[in-house]
2 protein chains.
Amino acid sequence: MSHPPTGPNPCDRCLLRCNPAFLPVTTEELHIIEAFRTGTRAVEAGRPVIEEDRPSPQLYTIYSGWAFRYKTLSDGRRQILSFLLAGDFVGLQDEFAESHTHGVEAVTDVTLCSFARDRLWELFHGQPKLGYHITWLAAREEKMVDDNLVTAGRRNAAERVAMLLMHLYRRAERIGMAREGWVQFPFTQQHIADALGLSLVHTNKTLRRLQQLRLYKLDGGWLRILDPHALQTLGDYFERPLLPTPLI
Amino acid sequence: MSHPPTGPNPCDRCLLRCNPAFLPVTTEELHIIEAFRTGTRAVEAGRPVIEEDRPSPQLYTIYSGWAFRYKTLSDGRRQILSFLLAGDFVGLQDEFAESHTHGVEAVTDVTLCSFARDRLWELFHGQPKLGYHITWLAAREEKMVDDNLVTAGRRNAAERVAMLLMHLYRRAERIGMAREGWVQFPFTQQHIADALGLSLVHTNKTLRRLQQLRLYKLDGGWLRILDPHALQTLGDYFERPLLPTPLI
DNA sequence: CGTTAAGTTGACAAGTCTCAAGTTAAGTGG
DNA sequence: CCACTTAACTTGAGACTTGTCAACTTAACG
């Protein structure tokens with residue numbers, strides 16, 4: 001999961017596909033995917049991947065880095081809908097959208113593989129298995145939003161923070177981003193507040209409290225979960241065993 | 001949209017397909033859908049359609065009535081994730097789930113068309129267009145959850161209620177359930193509270209306030225929007241023009 | 001007419017937000 | 001290498017929204 005110097009490789013030498021978290025594909029499927037791919041793109045930390053109000057002609061798979069999907073109300077209040085990292089497929093909603101849906105912004109520097117939206121149907125048609133996989137990814141994405149909705153709707157501040165820390169740690173760990181119990185944590189407290197539906201100040205105080213309880217540790221942009229059991233119980237958030245994920 | 005006396009018809013005489021809100025299908029597609037369908041099912045108001053902790057072997061399309069998807073935390077706090085009505089496709093998430101995901105419960109008496117989950121791949125394979133449609137439905141469903149997450153995370157009580165009233169009214173209206181500006185409204189204040197992430201009492205007070213402002217009217221289980229402009233503005237929630245929906 | 005679920009209301013408690021003022025950390029240019 | 005600037009993070013105080021508790025009313029139903 002280290003950053004490739006010049007962006008993603010051609011699909012047949014894609015580093016992500018060596019990752020056991022992802023489902024293997026046949027050579028034929030790989031060729032179809034490669035033909036579907038239109039290129040790669042790098043986005044700097046903090047810059048937009050997809051503008052909120054403009055439909056994007058591209059679909060993306062995150063190749064490296066962290067990003068997030070969000071929506072803003074007209075007075076500027078912002079809600080982060082979900083975080084995205086390597087392997088996540090973005091922009092599907094727009095394909096079927098009557099109009100604008102959400103924005104996507106890079107947290108770290110991000111590299112992406114891009115696909116032409118208007119050839120999505122072609123992909124379903126020519127390779128139904130890949131269509132099935134895309135549906136798989138859409139369903140997984142929805143499940144994450146479901147979880148976030150439960151969080152915003154029913155958990156209190158400490159529970160929210162506990163849940164999010166475990167969630168982010170687990171997702172990074174799952175695709176091999178953990179190094180001896182530490183995971184890169186590039187998020188600001190503003191990101192966390194926007195994701196949890198809390199104010200920045202209250203997020204800070206809650207974070208502080210859980211840190212003083214020695215439930216987690218944050219050092220130089222790296223996160224370590226000190227007491228996973230406590231965080232899971234507090235957040236009432238338990239990861240189920242995970243199946244390999246399709247990768248488009 | 002009146003209730004059929006004995007449950008849904010065979011697909012080739014499906015009343016829903018006469019509804020212009022839904023995408024027309026070819027005869028061949030209709031046959032495939034009919035072969036995919038395993039039967040129909042009636043669920044009484046208040047009864048479970050899918051149990052929260054048990055994976056369901058069935059997928060469903062709602063044929064008539066209102067239902068909702070929900071999740072509960074282990075101490076009983078419940079969050080409604082989205083409301084379901086005629087044409088909505090349910091259970092897809094489970095197909096790809098590592099384990100349990102959400103429960104589904106009937107609000108009114110509900111009739112359903114059921115499909116065998118283990119033949120979903122067959123459907124994608126034999127009729128990619130229908131697979132594409134299912135993805136369409138999944139993406140639309142996710143957009144609704146996105147909206148609900150923004151609501152729970154960033155809107156205050158009055159804004160939440162305004163948004164939900166408009167949302168429910170619009171969805172019912174769209175598939176022809178409106179009668180001279182009135183729409184059936186079978187939800188209790190507990191449903192609304194659970195959907196909005198508010199307490200029952202506060203939901204009641206907020207509802208009352210908006211009613212006294214003459215923004216809407218509720219009479220004998222029927223809802224009328226008196227001031228759509230005010231509710232839309234308050235909820236910062238504007239419906240975009242809608243395309244016909246696929247119907248599986 | 002009695003029973004039950006749903007809705008209503010007021011009083012008070014608690015959680016979260018806002019405001020305002022720091023402090024720390026990380027650049028950047030002189 | 002240091003002074004300056006800026007973004008991120010902290011902290012306390014007080015206001016406000018929302019939640020909880022408890023009692024009561026209304027509507028629906030047998």
Side-chain angles (χ1 to χ4, degrees), chain A residues 44-47 66 73 75-79 105-109 151-165 184-213 216-223 234, chain B residues 44-47 66 73 75-79 105-109 151-165 184-213 216-223 234:
Chain A
E44 273 175 47
R47 310 308 302 274
W66 281 99
L73 295 177
D75 65 356
R77 282 175 286 180
R78 179 171 83 165
Q79 177 67 40
E105 188 177 306
V107 177
T108 62
D109 287 353
T151 296
R154 290 292 164 217
R155 283 186 244 249
N156 66 32
E159 293 166 347
R160 294 185 204 197
V161 169
M163 181 274 191
L164 186 62
L165 289 176
Q184 249 184 317
F185 196 82
F187 309 101
T188 66
Q189 296 185 352
Q190 187 68 63
H191 287 127
I192 300 178
D194 286 351
L196 296 179
L198 295 171
S199 70
L200 175 60
V201 174
H202 199 58
T203 300
N204 174 284
K205 287 172 181 169
T206 308
L207 232 19
R208 216 87 240 296
R209 190 147 54 87
L210 297 193
Q211 201 171 34
Q212 270 156 11
L213 289 171
Y216 75 96
K217 206 170 182 175
L218 209 46
D219 187 6
W222 289 77
L223 167 71
L234 176 57
Chain B
E44 274 175 47
R47 310 307 303 274
W66 281 99
L73 295 177
D75 65 357
R77 280 174 287 180
R78 181 171 81 165
Q79 177 67 39
E105 189 178 305
V107 177
T108 60
D109 288 352
T151 296
R154 290 292 163 216
R155 283 187 245 248
N156 67 28
E159 293 165 347
R160 293 184 204 198
V161 169
M163 182 271 191
L164 186 61
L165 289 176
Q184 251 186 314
F185 196 81
F187 309 101
T188 65
Q189 295 186 353
Q190 187 68 63
H191 287 128
I192 299 178
D194 285 352
L196 296 180
L198 295 171
S199 71
L200 176 59
V201 174
H202 199 62
T203 300
N204 174 285
K205 287 172 180 169
T206 308
L207 231 20
R208 213 89 240 295
R209 191 149 52 87
L210 297 194
Q211 203 171 30
Q212 270 155 11
L213 289 171
Y216 75 97
K217 205 170 180 177
L218 208 47
D219 187 5
W222 289 77
L223 167 70
L234 177 57

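When reading the values below, keep in mind they use all heavy atoms of this one structure, side chains included, and skip hydrogens, waters and symmetry mates. Residue numbering restarts at 1 for every chain, and letters A, B, ... go by the order of the sequence lines.
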Value in whole Å for how far the [atom2] atom of [N] lies from [atom1] of [X]:
X	N	atom1	atom2	result
N204(A)	dG15(C)	CG	C1'	16 Å
L198(A)	dC16(D)	CG	P	21 Å
N156(B)	dG15(C)	CG	P	21 Å
F187(A)	dC9(D)	CZ	P	12 Å
Q190(A)	dA7(D)	CD	C1'	11 Å
L196(A)	dG15(C)	CG	C1'	15 Å
L207(B)	dG7(C)	CG	C1'	10 Å
L200(A)	dT16(C)	CG	P	15 Å

Exercise for the section: Would you mind telling me which residue lines up with the more 5' stretch of DNA chain C, A157(A) or G220(A), judged by nearest nucleotide? Expected result: A157(A)
Can you tell me how far [atom2] of [Y] sits from [atom1] of [X], rounded to the nearest 0.5 angstrom?
X	Y	atom1	atom2	result
Q79(B)	D194(B)	CD	CG	7.5 Å
R160(A)	L198(A)	CZ	CG	4.5 Å
L200(A)	K205(A)	CG	NZ	10.5 Å
L196(A)	E159(A)	CG	CD	11.5 Å
L165(B)	L207(B)	CG	CG	6.5 Å

Fill in the blank from the handout: The nucleotide from dC9(D), dT9(C), dC19(C) with an atom nearest the side chain of T188(A) is dC9(D)
Problem - Per H202(B) side chain, nearest of listed nucleotides dT20(D), dT18(D), dC9(D) - result: dT18(D)
Exercise for the section: Please check the phosphate of dT9(C) (OP1 and OP2 only) for any side-chain N or O of R208(B) closer than 4.0 Å. Expected result: yes
Exercise for the section: Taking only the side-chain nitrogens and oxygens of Q189(B), find out if one of them lies under 4.0 Å from OP1 or OP2 of dA5(C). Expected result: no
Exercise for the section: Decide yes or no, distance alone: a donor-acceptor N/O pair under 3.5 angstrom between the base of dG7(C) and the side-chain of K205(B). Expected result: no
Exercise for the section: Indicate, with a heavy-atom threshold strictly under 4.0 Å, whether G197(A) touches base, sugar-phosphate, or nothing. Expected result: sugar-phosphate
Practice task
Please work out if S199(B) contacts a base, only the sugar-phosphate, or nothing of the nucleic acid, heavy-atom cut-off 4.0 Å.
Solution key: base
